[in-house]
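These numbers were taken from a predicted model, which means no experiment stands behind them. Per chain, numbering begins at 1; letters A, B, ... match sequence-line order.
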4 protein chains.
Amino acid sequence: MRLKEGNKEQDILNAAVEIFAKHGYHKAKIRDIAEKANVAVGSVYVYYNNKEDILLKIFENIWEPLYKELKKIYENPQLSFRQKFDYLIDLVFDCFIEEPYKAQVFVNEQNFLRKKSPKKFTNYYELFMRTGEKIFKKGIEAGVYNEVDISIFKRFILGGLRDLLLEWANKPNPTNLNNIRESVKFFCKKGILKKK
Amino acid sequence: MRLKEGNKEQDILNAAVEIFAKHGYHKAKIRDIAEKANVAVGSVYVYYNNKEDILLKIFENIWEPLYKELKKIYENPQLSFRQKFDYLIDLVFDCFIEEPYKAQVFVNEQNFLRKKSPKKFTNYYELFMRTGEKIFKKGIEAGVYNEVDISIFKRFILGGLRDLLLEWANKPNPTNLNNIRESVKFFCKKGILKKK
Amino acid sequence: MRLKEGNKEQDILNAAVEIFAKHGYHKAKIRDIAEKANVAVGSVYVYYNNKEDILLKIFENIWEPLYKELKKIYENPQLSFRQKFDYLIDLVFDCFIEEPYKAQVFVNEQNFLRKKSPKKFTNYYELFMRTGEKIFKKGIEAGVYNEVDISIFKRFILGGLRDLLLEWANKPNPTNLNNIRESVKFFCKKGILKKK
Amino acid sequence: MRLKEGNKEQDILNAAVEIFAKHGYHKAKIRDIAEKANVAVGSVYVYYNNKEDILLKIFENIWEPLYKELKKIYENPQLSFRQKFDYLIDLVFDCFIEEPYKAQVFVNEQNFLRKKSPKKFTNYYELFMRTGEKIFKKGIEAGVYNEVDISIFKRFILGGLRDLLLEWANKPNPTNLNNIRESVKFFCKKGILKKK
DNA sequence: GATGAATGAGGCTTCATTCAT
DNA sequence: GATGAATGAAGCCTCATTCAT
C-alpha cells in the first residue's frame, strides 16, 4: 500500500495554527491551511473530521502538557508556595515562548470554542484549572497566600496572561516575553500598593 | 407597552449587541438582528454601512463613556491614588453591571475588531489606556504604587477583568459581580503573597 | 419595497422539472436550474429550503390534483364501474400528456424520494392510492370487477403505467400516448387470454 | 464459518448489491462497498473500472439468466401459450425470490443506467424483451392471446412487476411473493372485468 | 494483486449586501 | 426612509479515483 508520506497530520496542524492565528478561525480557509501544509484539500479531511476538529486538536495539544506539568508542580514537595506560583506563571509562558501563532490562537479562539462545543473541548483545561485552584487553596491554608477568592483569582490571572500573550504575539520577541513574565510575577505576588 | 417611537438606529444597535453576544460576531446574521429589532433587513443598511460598522459603533459606545469617566477620575485632585485605583475598577464593572450581552461582546470581539480594522476602531480605547497609564505613572511617582511596568500592568488588569466579566456574563447576577469587583480590588492592591 | 418580479417560484419549479428529467435528481445542479429559470442561484433558496424541497413540491403538485380528481370519480354516482376504471386511467395520462418532463421525474424519482423522506412526501399520494382501492373494492362488491387482490392490483397498474409513461416521455408524442392509453384500458379490463 | 476463499470479485459484487439497495446507487459509497466486502477500497478498482461498471455487471448478472431461461420457454414446444405466460411471470419472480437487495437495485437503478449508458447496458435485456415479444406475437397468431399492442403490453407487465417487487423487497417474505405472483398471473390473464 | 493514503474537482448552501419600488 | 426580494461570491466538505509501495 501507499505509505504515509512525511507527517501530514502534524503538517496540517502546524499550518492551521498559523492560518488561524493570522486570519482568525472564522476567516481561515481550509484551502489556505492545505496550501501552507503542502497538502491537498482533501487530505485535511483524511486526518480531521472538519475545521472545528482541527481547532479542538490544537487546544488539546496546548492544555494536555500544561496540565501534566502543573500536576508535577502541584505534587512536588520540594517547592515552596512562592516557587509554585512562579513556576505556574513560567509554565504558561514557556508553553508559548517560541510559538507566537499558537499564542494567538490560544487567546483568540478558546472562548468561542468552549461555548460552541463544550462537550468536545479538551478536559485538560478543566483539570488544569482545578489543579491551579488546589495549589492556591493549599497556599492559603499554609498561610503563605492571602485569602483571595480562588475561583475569581484564577480566572483573573489567566485572563491577564492571555492579553499579555496576545500583545506579545503580535510582535514576538523572547526578551520582551521574559520581561513580561517577571513583571507579572512581581505584581501578582506584591500587588500594586506599596507596603508601608 | 410603550409604542414604537421610531428610534430604529438604537433598536438595531441593541439587537446587535444581543445577537452578537449570543452567536458571536461571525455567526451572527443581519437577518436575526433585523428581526430582533423589529426592522427590515434593508433598514439595517440605512443606519449602518455594514456589519462591521455596527460592531464598531458598539465599541465606540463602550469606550467613549469609559474614557470620559476615567478622565474625571484622573483629573480629580480630591482622590487618593488608592481611591483612584478602586474607582478605575468600579468604572469597568459599572459599565456592564446591567448589561451582560454588552459584556460578552466587549470580551469576545474586541481583539478581532482591533486587528481587522485598527484604523476604524474607536480612539477612546487608546485614550482610556493612556489615561490609565498616566494614573499609574503618577501613583508610582508619588510613591504610592509599586514600580511595576505600567504598559504590562494595564494590559494584565484589563485582560483579567475581561475573563471575569465573561464568566459572569454567562450567568449574570449583580451580587456576584460585586463580589468579583471587591476581590479584584483586593488582590490587585495587595497581591497574592501575604505580608510577613 | 422591491416587488416580486414575475413568478420566480413557479419558474424555478418548471426549470427544476426539466433539469431533473434530463439529468436525474442526483446529477441535477442547482446552478442549472437557476440558469434555466433565469434566476440567480441564491434566489432558488428564497423559495425553497434545499434541493430536496423542490422535488417534494413537484410531487405535491402532481399528486394533489390527481387525488382530487380521483375523488370526484369515486364519488360520482353517474359513472359505471367500467367507466370509473377508464377514467382512472385517463386521469393519469391526462396529468402528463403535455408534460413529458414531469412524467420522467414522476417515474424516476418517486421511489427514491419516498424512501428518503417518507415523512415529508405528499400525503396526497396515499390518499390517491386509498381512493383507488376503494373504487376497486366497490366494483368487486358490485360484481363488476374480478376478485383480484386490490393492494397488489393497484400497485401493478401504477407500476405498469409508470414504465409506459417513461418510454413515451423519452419520445413524447400525443398520438402515441393515446394509443397507449387505450391499449392499457383494453388489457387491464380484458386480460391477455382470449375468452373462449 | 467458511474461510475466505479469495473470491474478491464476487464479494465486491454482492456487497455492492446490498449497498446500492440500501442507499441507492448515487448515495452509495465505494468505501462502504469495500468494507462490506472485507476488501480495501483500491481492490474494488482491481476488478471493476469504476462505480458504474459494478452496476452494469449487476444488471448483466440479472438479465443474462433471465434471457436464457426465457429462450428455453420460447423454444419449448411442449408448453401451451397459457403455460408460457405463467412461466414468464414465474421466471421474473424466481429471479428475485431469495434476493430482495437484488430486487431493489433492479427496480430502482435500471432506468437511470439505461439512460446514462445505453451502449454499455447489457444486451440481454433487449434480447429478453424481444423474446417476450415473440412469445406474445405467436400467442396472438395462434388465437390464444387477445390482440394487444405487444410493445405496450410488455412494458406494462414489466413495469407492474417492478413496483410489486419493490414493495415486497422492502419487507421481504417468500409467502407474500408467491401470493403476488399468482395474483399477477390471474389478472394479466383474465383482466379486471368479470366475464358476463 | 492488494492496499489505503492522497488527491482535487465540484456542488450545495449561506448570507452580507444591493436595489427597485 | 423603509422594505424584503434578489443577488452571487465564496467555502466547507464529499468521494470517486489514482498511485506509490
Watson-Crick and G-U pairing of DNA chain E, under 3.5 Å, as dot-bracket with | and [ ]: .||||||||||||||||||||

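- Under the rule for a side chain to side chain donor-acceptor pair (under 3.5 Å), the partners of Lys115(D) that lie at least two apart in sequence or sit in another chain are Gln104(C).
- Side chain of Lys51(D), nearest nucleotide from dA5(F), dT7(E), dA16(F): dA16(F).
- For the OP1/OP2 pair of dT17(E) and a distance below 4.0 Å, the side-chain nitrogens and oxygens of Tyr48(B) include no atom meeting the criterion.
- Following rounding to the nearest Å, Glu9(A) (CD) and dG4(E) (C1') show an atom-to-atom distance of 15 Å.
- Within residues 20-33 of chain B, the residues that place at least one heavy atom under 4.0 Å from DNA chain E are, in residue-number order, Ala28(B), Lys29(B), Ile30(B).
- Under the 4.5 Å side-chain criterion, counting only non-hydrogen atoms from C-beta, Tyr48(C) is in contact with Leu13(C).
- In this entry the distance linking CD1 of Ile19(D) with C1' of dA16(F) reads 16 Å, nearest Å.
- If you look at Phe59(B) and Phe121(B), their ring centroids are closer than 6.0 Å.
- Between Lys57(B) and Tyr47(B) the shortest side-chain heavy-atom distance does not fall below 4.5 Å.
- Comparing Asn38(C) and Asn50(A) by the nucleotide of DNA chain F that holds the closest heavy atom to each, the one mapping nearer the 5' end is Asn38(C).
- In this view, Lys102(C) and Glu99(C) satisfy the side chain to side chain donor-acceptor pair (under 3.5 Å) rule, not counting sequence neighbours.
- Between the P atom of dA6(F) and the CG atom of Asp11(C) lies a distance of 10 Å, rounded to the nearest Å.
- Taken from OH in Tyr125(B) to CD in Gln110(B), the straight-line distance is 5.5 Å, to the nearest 0.5 Å.
- Side-chain contact check for Ile62(A) versus Tyr124(A): every heavy-atom pair is 4.5 Å or farther apart.
- One atom, CD of Glu52(B), and another, C1' of dT17(E), lie 14 Å apart when rounded to the nearest Å.
- Comparing dT7(E), dT3(F), dT14(F) by their closest approach to the side chain of Tyr45(A) singles out dT14(F).
- In this entry the distance linking CD1 of Ile12(B) with P of dG1(F) reads 11 Å, nearest Å.
- A salt bridge does not link Lys116(A) to Glu109(A): none of the charged side-chain nitrogens sits closer than 4.0 Å to a carboxylate oxygen.
- For the side chain to side chain donor-acceptor pair (under 3.5 Å) test, no residue two or more places apart in sequence or in another chain qualifies with Glu9(B).
- In terms of phosphate contacts, Tyr47(D) brings a side-chain nitrogen or oxygen within less than 4.0 Å of OP1 or OP2 of dA2(E).
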Show me the donor-acceptor pairs, under 3.5 Å and distance only, between side chains in residues 23-45 of chain C and residues at least two apart or in other chains.
from: Tyr25(C); atom 1: OH; to: Glu52(C); atom 2: N; distance (Å): 3.0
from: His26(C); atom 1: ND1; to: His26(D); atom 2: ND1; distance (Å): 3.4
from: Lys36(C); atom 1: NZ; to: Glu18(C); atom 2: OE2; distance (Å): 3.1

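- Listed nucleotides dT7(F), dT7(E), dA2(E) differ in distance to Val46(A); the shortest reach to its side chain belongs to dT7(E).
- Checking Val39(A) against Val41(B), the closest nucleotide of DNA chain E that is more toward the 5' end is the one next to Val39(A).
- Toward the 5' end of DNA chain E, the nearer of the two residues Val44(A) and Ser43(D), judged by each one's closest nucleotide, is Ser43(D).
- The side chain of Ala40(B) approaches dT3(F) more closely than any other nucleotide in the set dT3(F), dT17(E), dC13(F).
- Nucleotide dC15(E) holds its C1' atom 15 Å from the CG atom of Asn49(C), rounded to whole Å.
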